[in-house]
Amino acid sequence: MKAGPSQEEIRQHNLGALLRHVHLGGPTSRADLATRMGLNRSTILALVNDLTAAGLVREELPQVTGRAGRPSLVVRPVATRAHVLALDVGVERLTAALIGLGGVFLDRRECAWSPERPQDPAEVADILAEYADDVLSAAPAGGSCVGVAVAVRGIVRHPDGLVSLTPNMGWKDVDLAAELSGRLHLDVPVPVLVANEANLGALAEHRRGGGRGSQNLIYLHGEIGIGAGIVVDGELLRGGRGYAGEIGHITVNPHRGRPCGCGAHGCLEAEAGERALLEAAGRDPRVTGAGAVRAVVTAADLGDVTARAALHRVGDWLGIGIGTLANLFNPDLIVFGGTLRDVYLGSAAQVRSRVNTSALFACREHLRLRVSELGGDAILIGAAELAFSELLARPLETLSPHAEEGAPIPRGSRRGQLAVNPLPLEPADHGNDPGHGPGVRAGLGLDR
Amino acid sequence: MTRTPILELRGIDKSFGAVQVLHDVALSAYAGEVTALVGDNGAGKSTLVKCIGGIHPIDAGDYLFEGRPVQVHSPRDAAELGVEIVYQDLALCDNLDIVQNMFLGREKRRGAFLDDSTMEEMAAATLKGLSVRTVKSLRQKVSSLSGGQRQTVAIAKAVLWNSKLVILDEPTAALGVAQTAQVLELVRRLADNGLAVVLISHNMNDVFAVSDRIAALYLGRMAAQVTTSDVTHAQVVELITSGRSGDLGLTTTANGAAA
Ligand SMILES: Nc1ncnc2c1ncn2[C@@H]1O[C@H](COP(=O)(O)OP(=O)(O)O)[C@@H](O)[C@H]1O
Ligand SMILES: [Mg+2]
């Protein structure tokens, strides 16, 4: 039999909930927070005071309202007080970004990364750690780095974060978290979380992009391959070992299909990925990437019949894959990210037509197909959201090892009601996880 | 479950002299949705839009707005209802800047005189609300803007005036791929913000990418209004080129008069 939550647990929960509200929703008045969280005004005041004392939020007059009358103060997240490192091992580039509370990009470094290069994990970790050092050393004074997350184009094992396979880089069973932890120079070590890029894209779109308000969405990411992050009833679908969502490797064309990087034939990404598009358009399939894909879409728009036929063909395969997703998961939204953004806009008629003829009417009737609102930054934004999980679950506890850098952390519990759970995709509860120490790799997929 | 359309037209006829351009046309547009209006050149799309906008008087038919029958005899009548139209032959003043264009001819509506900085603030807030980041200065002359930016300003103007229905006549016709993508995103955002949007386009990828419904005009008759989740590209092309596709469309050919 489990006892109810203690006052302190309730307070931590409410502090986290309030911080999440302003982190995701931006500046909000105390009255609105009270309404949205289902708490009374005095509880909100106490929570705001605690978070203000920790430096995580600030109360101030709203910027331009356009409305007359006396504006009320808003609670604003302080981007310079707590930040995270969001790292991305992309196909075309390596990126390190410093992202502050509220989702503010504070700084970033990146370099082009050719798919032809030797893809040694240690070399990748060296570069990312160097960029991380750069952005951390230029971080705002008084700020604390409270999390690190890295996105990979591959499948990542739950719960230990091992990169099991990256088909296009040839990594097998790589402990990227350990590679990075050993190279990062953080004042207070934090776990390095590793996650699949499409899962992070789904998280980003769900929290900050076109998927706000949708509890059943699928994010499709194109970048040579095709990955999916599947959110069902507000939660990311993880599967037994963390590998769910490998839409790129469902077989769509078993008999005469093109060979796939995974070793099979006729996988969706073999038929509808960048290489298939480029080859069908009569271009060099080795020169992949956003520029090459956009060139095909532009050529088609200008009347190039080969480019049009290539988009038509790829759109058809995509529609088959999406029809399958619609039948299986009945999402209300599918978001196209990475190079699939351009591919979709250039082949939407074909994609929709195929979905409309292959998925059950009931499964597709309310399905919206949309391009990513966050564009090229979706993956980094998702990585930042994952890295902020701890802070948003237990703000003061997470910040306390960093206390000397900023304001003192207030202590003491208060009586209070339990806040209404503000948003889906709550971060993991690592509270009693003995393995969750500094420097330990953790968090698979979107570890909850 | 039936929703009241923001705009509902029934039995619209329109002739220019002896030439009847619109025959018994029906069209509905719903809040939160993009309705694509498609049809061959000369099918009557622009004429229909000008009837909605009060530029051309209709000869017969019902014009319902939010379920109520209304009389629209002038562009001013349409604007009063909350109808904003971005015409094919774009109506922005080249020699005025962005803010001036967005407020052109509207000052009276607000009652009191609006000062420059308030207007600039409102224009900036509107563009920001639409996530428009491509325009550098609001004091830039419209003549210095690209085609995509001009469309953006024209669309933003519609939002500034709290329109309920926005109609865009071929907004992407002259644009490249990247600018088209931006305008389509903006079109989608208008609908997601709760407006009813009618988009005229010849590009089937654009139509399928952003629309919720498709209305196909054929030789001045509404061949069919369908939901985008229920038709194929081939069906829409058939509706456009022959007025029918299988069970969809006009029951007799246009030459046979009855629709
Ligand atoms: N002001 C006008 N006077 C006479 N005929 C017109 C006028 N405007 C349009 N038309 C005619 O009406 C038909 C429909 O034109 P329009 O509405 O511009 O078609 P669409 O926009 O679908 O290409 C055409 O035959 C056109 O010549
Ligand atoms: Mg026209």
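Keep in mind that this is a model prediction, so the values were computed, not measured. Just so it is clear, the values below take in all heavy atoms, side chains as well, and ignore hydrogens, waters and symmetry mates.
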Novice: Measure distances from T298(A) to the heavy atoms of chain B and classify the residue's part below 4.5 Å as side chain, backbone, both or neither.
Specialist: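 Backbone plus side chain of T298(A), per the 4.5 Å heavy-atom cut-off to chain B.
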Novice: For D97(B), does its backbone N or O pair with a side-chain atom of N101(B) as donor and acceptor, under 3.5 Å?
Specialist: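 Here the side-chain-to-backbone pair exists.
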Novice: Name the member of S229(B), A178(B), A209(B), G176(B) that forms the most heavy-atom pairs with chain A at distances under 4.5 Å.
Specialist: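 Greatest number of close heavy-atom pairs with chain A: S229(B).
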Novice: Counting only heavy atoms closer than 4.5 Å, note whether R354(A) contacts chain B via side chain, backbone, both or neither.
Specialist: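 Neither part.
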Novice: Contact part of L367(A) toward chain B, heavy-atom cut-off under 4.5 Å: side chain, backbone, both or neither?
Specialist: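 Neither; nothing under 4.5 Å.
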Novice: Between E205(A) and R212(A), does at least one N-O distance fall below 4.0 Å, as a salt bridge requires?
Specialist: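 Salt bridge flag = no for R212(A) with E205(A).
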Novice: Can you tell which part of V371(A) gets under 4.5 Å to a heavy atom of chain B, answering side chain, backbone, both or neither?
Specialist: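 The answer is the side chain of V371(A).
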Novice: So, E385(A) and R208(A), do they make that salt bridge, N to O below 4.0 Å?
Specialist: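 Salt bridge: yes.
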Novice: List the atom of L81(B), the atom of K164(B), and the distance in Å for their closest heavy-atom pair.
Specialist: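 Reported closest heavy-atom pair: O-CD, 4.0 Å.
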Novice: Between T228(B), D206(B), N205(B), T232(B), which has the largest tally of heavy atom pairs under 4.5 Å with chain A?
Specialist: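 Top count of heavy-atom pairs under 4.5 Å with chain A: N205(B).
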Novice: Please flag which part of L175(B) lies under 4.5 Å from any non-hydrogen atom of chain A: side chain, backbone, both or neither.
Specialist: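 Interface part for L175(B): backbone (N, CA, C, O).
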Novice: So that I can tick it off, tell me whether D192(B) and R188(B) are bridged by a salt bridge, with the cut-off set at under 4.0 angstrom between side-chain N and carboxylate O.
Specialist: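 The answer is yes: the pair qualifies as a salt bridge.
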Novice: Of all of N203(B), T227(B), V207(B), V231(B), which one pairs up most often with chain A through heavy atoms under 4.5 Å apart?
Specialist: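 Sorted descending by pairs with chain A, the first entry is V231(B).
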Novice: Relative to the ring of Y344(A), is the ring of F336(A) parallel (under 30°), tilted (30 to 60°) or perpendicular (over 60°)?
Specialist: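 Because their plane-to-plane angle is under 30°, the rings of F336(A) and Y344(A) count as parallel.
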Novice: Using heavy-atom distances under 4.5 Å, tell me whether R370(A) contacts chain B through its side chain, its backbone, both, or neither.
Specialist: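 It is the side chain, since no backbone atom gets that close.
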Novice: Do the charged groups of R189(B) and E185(B) touch, with an N to O distance under 4.0 Å?
Specialist: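 A salt bridge is present here (some side-chain N lies under 4.0 Å from a carboxylate O).
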